[in-house]
There are 12 protein chains.
Amino acid sequence: MSDNRPILVVNGPNLNLLGTRQPEIYGSTTLADIENLCRGTAADLGRKVECFQSNHEGAIIDRIHAARGTVAGLVMNAGAYTHTSVAIRDAVLAAELPLIEVHLSNVHAREPFRHVSYLADIAVAVISGLGPDGYVAAIRHLVARET
Amino acid sequence: MSDNRPILVVNGPNLNLLGTRQPEIYGSTTLADIENLCRGTAADLGRKVECFQSNHEGAIIDRIHAARGTVAGLVMNAGAYTHTSVAIRDAVLAAELPLIEVHLSNVHAREPFRHVSYLADIAVAVISGLGPDGYVAAIRHLVARET
Amino acid sequence: MSDNRPILVVNGPNLNLLGTRQPEIYGSTTLADIENLCRGTAADLGRKVECFQSNHEGAIIDRIHAARGTVAGLVMNAGAYTHTSVAIRDAVLAAELPLIEVHLSNVHAREPFRHVSYLADIAVAVISGLGPDGYVAAIRHLVARET
Amino acid sequence: MSDNRPILVVNGPNLNLLGTRQPEIYGSTTLADIENLCRGTAADLGRKVECFQSNHEGAIIDRIHAARGTVAGLVMNAGAYTHTSVAIRDAVLAAELPLIEVHLSNVHAREPFRHVSYLADIAVAVISGLGPDGYVAAIRHLVARET
Amino acid sequence: MSDNRPILVVNGPNLNLLGTRQPEIYGSTTLADIENLCRGTAADLGRKVECFQSNHEGAIIDRIHAARGTVAGLVMNAGAYTHTSVAIRDAVLAAELPLIEVHLSNVHAREPFRHVSYLADIAVAVISGLGPDGYVAAIRHLVARET
Amino acid sequence: MSDNRPILVVNGPNLNLLGTRQPEIYGSTTLADIENLCRGTAADLGRKVECFQSNHEGAIIDRIHAARGTVAGLVMNAGAYTHTSVAIRDAVLAAELPLIEVHLSNVHAREPFRHVSYLADIAVAVISGLGPDGYVAAIRHLVARET
Amino acid sequence: MSDNRPILVVNGPNLNLLGTRQPEIYGSTTLADIENLCRGTAADLGRKVECFQSNHEGAIIDRIHAARGTVAGLVMNAGAYTHTSVAIRDAVLAAELPLIEVHLSNVHAREPFRHVSYLADIAVAVISGLGPDGYVAAIRHLVARET
Amino acid sequence: MSDNRPILVVNGPNLNLLGTRQPEIYGSTTLADIENLCRGTAADLGRKVECFQSNHEGAIIDRIHAARGTVAGLVMNAGAYTHTSVAIRDAVLAAELPLIEVHLSNVHAREPFRHVSYLADIAVAVISGLGPDGYVAAIRHLVARET
Amino acid sequence: MSDNRPILVVNGPNLNLLGTRQPEIYGSTTLADIENLCRGTAADLGRKVECFQSNHEGAIIDRIHAARGTVAGLVMNAGAYTHTSVAIRDAVLAAELPLIEVHLSNVHAREPFRHVSYLADIAVAVISGLGPDGYVAAIRHLVARET
Amino acid sequence: MSDNRPILVVNGPNLNLLGTRQPEIYGSTTLADIENLCRGTAADLGRKVECFQSNHEGAIIDRIHAARGTVAGLVMNAGAYTHTSVAIRDAVLAAELPLIEVHLSNVHAREPFRHVSYLADIAVAVISGLGPDGYVAAIRHLVARET
Amino acid sequence: MSDNRPILVVNGPNLNLLGTRQPEIYGSTTLADIENLCRGTAADLGRKVECFQSNHEGAIIDRIHAARGTVAGLVMNAGAYTHTSVAIRDAVLAAELPLIEVHLSNVHAREPFRHVSYLADIAVAVISGLGPDGYVAAIRHLVARET
Amino acid sequence: MSDNRPILVVNGPNLNLLGTRQPEIYGSTTLADIENLCRGTAADLGRKVECFQSNHEGAIIDRIHAARGTVAGLVMNAGAYTHTSVAIRDAVLAAELPLIEVHLSNVHAREPFRHVSYLADIAVAVISGLGPDGYVAAIRHLVARET
């Protein structure tokens, strides 16, 4: 069954600085570039995305709650909150949305505390290290699996 | 010594969705139902409750600070922040309020990361799995121990 | 469905000394006081309790076996056996009784070995630190959940 | 700089049974389907893939050695050897090939021993749970990053 | 090379209550006292400080982002977030500011969870237990190392 | 050298409920059935068994002591005491009897605390998951190894 | 339902040396003796066995794959691969065969790394220390449980 | 202040077999020998001992309860229960008796699980490896410290 | 209350090589420079320091013993002995001197074994990474806290 | 066989301060008192002791080497070196002397790092918490076991 | 007793690439160079070597089996299998050959998983970091210890 | 570039007793034998060695400091200090000397605490179990790598 509701793309803390922050790890693409890439990817599939970024854990939770029943799926790069937030995990469970967890860099090649994810085991899939392509692959997969 | 100040009832992240979210774990009672139950329990004992819910860790801390010296005790279901927030722990210590930690579901029967609590060792008591009855028992005990 | 079978209240090792032993931790209430409180709580709800205390792990197992099919639920403060007895856990599972685990003191604020419970994950609920009120809340909840 | 050497696609132990083995975890697509999908993806980008599957750790090592200097990159689903083979890790390092680690299912939602990877920290990227789409995304990214 | 940009002084959760909260651990100095002490220390060195306090993790991250390129260094007592926030760590890395981590009390003599710091290994220095003198030493060192 | 002393068969806590307790794990065979099966197996080999069951750790120790020098070997399903009783381990060592440890269900597929055995490393053999057949194989092996 | 397909008996690395290798641990029986014993046991039950031994993990995987659908069950002494091979575990799961894990010596009395088994929790039963009798008990049980 | 109440000497599980059991570890002295030695030591100091041995954890707890207020101190070799019984620990605390923990053999040179003691941190002293002399030293010290 | 006894400054193993050893970690200041800086700092406050360096754990213990009652406080950079010496810890406790632990480099950013300190929890304060300024801040704080 | 060589009594770091240092833990007896007590105990048994104390690990090793073949046994309170010195352990093994490890206080009731002993498993016996009586019991036992 | 059987030199996975693979870690010497060096070393001592390399764990096991009784000793650089193969360990034990474990690079200075060896505790000696000289020293020692 | 400075050979605690101490582990060679062997080995290569042994950690540190810039390399058997001394590690780093760590026995086959080395990861190579040959191989390698 196809679905024409939008896909929600959430970016977490510090991702607003993308393109300026540590380019040797995160590349030179900005958050606006990524959000445009997501819009374009969805448009190619006849769909829309809604984009949201916040440095506030509570604001991310509120946004996910609001998405409950109104979006088709969630692509989220929760940044550092991936590794520490049980509350965002619970918000995703409560919103009952299929989640694809995305990381720009390969978190498995970084500090050990970044190998812990409170989201990975409740996600459909995890993509780490594909850079902005990770968002593209995530949106495509969320749409493709509806059928 | 009896005390006629209100009891503060704090509910943490995702508890605003109660009754809709994962009813097989959390039941069908809403947050409004629980807050009314708390008000009724207190009224039966000639007391009042103040109710607060937020998905924002900082807002919960601010609310606990404001309660310092003005409430008789704290009944808190800090939800996921129970397992991750040293800052809320410190707020409770700073506010010098007797705390009863409440969980609707039995956290001991869930994921291992829910077995960690930054609040339990500074609480008067911990009640887990009694559903809304946990709030009732907590309010009654806070009032009873004043005498 | 309401049930008119009694509730079994089991107290484990050293609880026979209640009221004399370490009152700064356990208070001055005696075991007889607690058993009377349980009887009164049940009577108010039109029910009965059966009370049992033993310092012998095997005797507690035998008593739980005997309760199989004849009582409506189990309120148990297994004392130190909470932290060490897989055999009592198995007895509860074998007796197929709903269990509420009760501790007079807040075990989460005591030695680390008291944070381990072989009963908590098979219990309906866990109440720790409410003193004798914990038994009252447990009996009320067991009766209430039958409906 | 663009590169017109082929991409090597390696599938490890038990993946020859794909489509028949535990379809609730791995889906009904066969290994031949996946290899055809890889060929098609590469063809769309004007490239070729070489496909290899073996249940023998040593054979996989031999194949990676042979690829040294002759392929543009490696897309590998090493299956169970992901979690146990330091020797395959060393072969990838020795072959000096960019690697993308792919898993059909989301390994983060399975047994703890599948959360360990001897390949992830030496990979460009890790994709887990996208099903056959993971191979597509990996090939596209390997080609895209050459430029 | 000398620098005449201000130093940013950030205080984290619960530090707004300083002077009232647990004086046996934190002393009777208020946050205003500390901020004045910081202003005086900087003035003696011909410099300015900007002071910020929040109980909200997200707000602290926003403030550090805003300081990027506009301040000479960061003196931060992140309070409880020191022990739990990867997001603030990432904000400091993204802002590319030299950091001195300060704690009023000696965290090494307190609970084990306060021995973990997500900031210490990316800091220039860590000062723990000097009380308000810690801020003074931190500001002096940040200025001195510019030369 | 053949031996015509009996074999002692000991069953530990909760095994008296066999056949009624959790049949999906333990099957529908009763303890009496198992003891009869043991008697029959021994009789086929021209031997006898002595059977003992208790829920009391101390009683099991006493029984093993009494068997010292009077039985040819020990087949024991110590149930939950397998995982917690150093005292029964010491009794077996003191009685200097060859032991075969038997479990009806496959303990390796159950909770982690059932993977610990204080008996396994002092046993001749361990049989787990063969159901009542485990007792048969144990008795046969104890008799066969005498020769 | 009875089944007349053969039972597959797999022996893993180093078991080809049985009878010559460390007889104080493994006894003087050769692999041929064990395979004959298995054939005899099966014949007594009106069945056949197929025997296979290899020192190559990949060859064992290939053999198990080939058994899929053609044998009634698997008796396997995977030797050292028991403790290290996730790939053989996956092969057994993929082949959907009932498995009984057998060890000649009592692995629980040996080095700690032999206490880890990647097969035990997916096996019907585990037999350790019965010597060649373990194979006999395993074959009998596999046949008996079909009914 | 001198005290003329008796000293209670408790010996735990398996110590009834002393002199016959594993003499290479425990020596050839019997329990009666040790109890006589204790009586003689006390008599030399103008005191009495009461001796008790049981293999039952509950019986040891009952005996310690009965000693509350009636004996001057407790010399206990709790045998294997030393390493597993929180309940005996609690009984000692409840009885408020000074305890000296005694072991015949040097437990520090045996299995790791014998290095754990639930009694050591609540004891006045621990003596391990002095053989029967340990009881003598313990009684002497309990009497000497009264003054 | 002011105190005019000297402050003892102790430097531990390898600090005699300062200025030559690994300057990228420790800087180019020599031990003599640091001791002069300490003398100057104390003189500005109307006080004296006594300086001591040794590579011998026992000699440092002897020196701390000798300081008992004759100095006002202890500033110590125990170097590598910080991480391994319980004996120096005991010497500080025995000498009953207020201690400030100093490290030139930020030990929290180095090897994990340097994150363990046997001194930190018995110190007034810990300063790590301020270079020679750490000694200055320590002396000032020891003097300031006397009042 | 009786032996008339002396017993060596070694006291380790900080024990020279006995009687002045932390009397609430170690009591008011001085090292000279203890050495005299040892001399007296030995004299009563017709023997001599040699006493040695040092704060230097190397000096203790040298002293133990010198004792090789010339003393009948070693009574050692190695103080903090008990918990950290493999070298003293090796010296005792090299000197091939029977060792009794003595601690004045009950180390099991103190910090966890004092629960580790590099000497306990190579000692004849360990005595902890008997105060100076521990030395007496140790000397008596060393002499008694010669016969 | 001198022995004129050859020494077996086994090289494990990826060592066939020596001289081309990661020369900054492994140097520029090829496997052929090393095997020639081994032949020369043996020849100087009047002996022969047999050389074998494989990337297949099973093939290495087969080769070691074949060496049983026919070679004087084993010099093995098992490469990555050192850290993961219990089966090769068992093959060495079964072949009853003296083993010297060799590594070209210093494995102790590399990733933690390379610090684990399943061979080291059953080897005569371990040489790590001497480059090709390690093989020379190993062969010399194996020959020298025969006498 | 060749170097004609001497090689420093350091032996740590208890190695002065070589030849007398535990010959079943360490052999009958004395320290003088080893030092002569080292001198001979160096002489064959046209070089000298300086030999040093001490049981004092501080003395070893002093000796290494003195070697800075005056010797070509360090061959050290630090004995038990290998496993406990961060200070000797720091001395080696400070002296900037290439180190080869040598052990007479195979430490990997002994107690777990001997598997920890504070020197191994900063050494050029580690040789364990070659007996006196280890010193020879170490000196040869240090000289050979200069070229």
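Note that the structure is a prediction, hence the values are computed from the model and not measured. Both backbone and side-chain heavy atoms feed into the values below; hydrogens, waters and symmetry mates do not. Just so we're on the same page: letters track the sequence lines, and every chain starts at 1.
Looking at Asn14(K), its side chain does come within 3.5 Å of a backbone N or O of Ala87(D) through a donor-acceptor pair.
The OG1 atom of Thr84(K) lies 12.5 Å from the CZ atom of Arg89(D); values are rounded to the nearest 0.5 Å. Atom NE2 of His56(K) and atom CD of Glu57(D) lie 9.5 Å apart (nearest 0.5 Å). Here the CG-CG distance, from Asp62(D) to Asn16(K), works out to 7.5 Å after rounding to the nearest 0.5 Å. Distance CG/Asp121(D) to CD/Glu111(K): 7.5 Å, rounded to 0.5 Å.
Most heavy-atom pairs under 4.5 Å with chain K: of the set Val86(D), Ile60(D), Ile64(D), this distinction falls to Val86(D).
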request  = Verify side-chain contact (heavy atoms from CB on, under 4.5 Å) between Asp90(D) and Arg114(K), making sure each step is shown before the conclusion.
outcome  = CA-CA 11 Å; Asp90(D) 283 357; Arg114(K) 293 196 206 270; 2.7 Å; yes
Report all side-chain donor-acceptor pairs from residues 122-132 of chain D shorter than 3.5 Å, counting only partners two or more places apart or in another chain.
residue, atom, partner, partner atom, Å
Ser128(D), OG, Ser105(D), O, 3.2
Ser128(D), OG, Val107(D), N, 3.0

